[in-house]
Amino acid sequence: MQDKDPNVFSFMMQLVQQKYGDEVDATFLNTEADKLYNSFGDVLVRYFEPLLTDDQKRQFDSLVQNNSGQDKILEFLMSSIENLDAKIQQVLVRFRDSYLNSPPQN
C-alpha cells in the first residue's frame, strides 16, 4: 500500500469536517477522508492522462502497473505536463466544490 500524501489527506479531512461539522466521529472522518483521497487520485488520472502523448501514456501506465509510488509518478507527470501545480489546484477546487455540494451520506 502506498503512503498517502499528508497534505492531500489533511485537506480531505478538512473537507469532511467542513461538510459534516467539527464534531464528526473520528472513524467516519478517517474512512470518508480515505475514500475522498482515493477518489481524488482517480480524478487526477482521468484529468491528466489525455494530456499525455501516446509514448508518455505507456510510460505512465508502466509506472502505475509497477506500483512505482506516488513520488515517481508525480515526478513523471511534472516533467511531462506544463504548469502541473496550477492544473492540480484547479482539479482540487472542482473536486472540493463537487464534494461539498453533494448530499451528505448518513
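Side-chain contact between Phe60 and Leu77 is present, with heavy atoms from C-beta onward closer than 4.5 Å. In this structure, Ser80 and Gln59 have side chains that are not in contact, with every pair of non-hydrogen atoms separated by 4.5 Å or more. Between Leu44 and Phe95, every side-chain heavy-atom pair lies at or beyond the 4.5 Å cut-off. Within the 4.5 Å cutoff, the side chain of Asp25 has no heavy atoms near those of the Leu29 side chain. In this structure, Lys19 and Leu15 have side chains that are not in contact, with every pair of non-hydrogen atoms separated by 4.5 Å or more. Using a 4.5 Å heavy-atom cutoff, the side chains of Glu49 and Asp61 are in contact.
Side-chain contact, Asp85 with Gln89: no donor N or O sits under 3.5 Å from an acceptor N or O. Using modelled atom types, one finds no donor on one side chain facing an acceptor on the other under 3.5 Å when comparing Tyr99 with Gln18.
More than 12 heavy atoms of other residues, nucleotides or ligands sit less than 6.0 Å from atom NZ of Lys57.
The hydrophobic cluster containing Leu100 also contains Met13, counting ILVMFWY residues as joined when their side-chain heavy atoms lie under 4.5 angstrom apart, directly or transitively.
Across Arg94 and Tyr47, no two heavy atoms sit closer than the pair NH2-CE1, 3.4 Å. Smallest separation of non-hydrogen atoms from Pro50 and Val45: CD-O, 4.4 Å.
Less than 6.0 angstrom separates the ring centroid of Phe28 from the ring centroid of Tyr20.
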What verdict does the side-chain contact (heavy atoms from CB on, under 4.5 Å) test give for Asn30 and Phe9, after you've listed the backbone C-alpha separation in whole Å, the side-chain angles of each residue and the deciding distance to 0.1 Å?
CA-CA 9 Å; Asn30 281 297; Phe9 190 71; 4.1 Å; yes

Dump the intermediate steps for side-chain contact (heavy atoms from CB on, under 4.5 Å) on Phe48 and Ile88, then the final yes or no.
CA-CA 9 Å; Phe48 288 117; Ile88 288 177; 3.7 Å; yes

Could you walk me through whether Phe40 and Val91 pass side-chain contact (heavy atoms from CB on, under 4.5 Å), step by step?
CA-CA 9 Å; Phe40 182 64; Val91 175; 3.8 Å; yes

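Using a 4.0 Å cut-off between a side-chain N of Lys or Arg and a carboxylate O of Asp or Glu, Lys35 and Glu32 qualify as a salt bridge.
Note that OG of Ser10 and OH of Tyr37 are 11.5 Å apart. Values are rounded to the nearest 0.5 Å.
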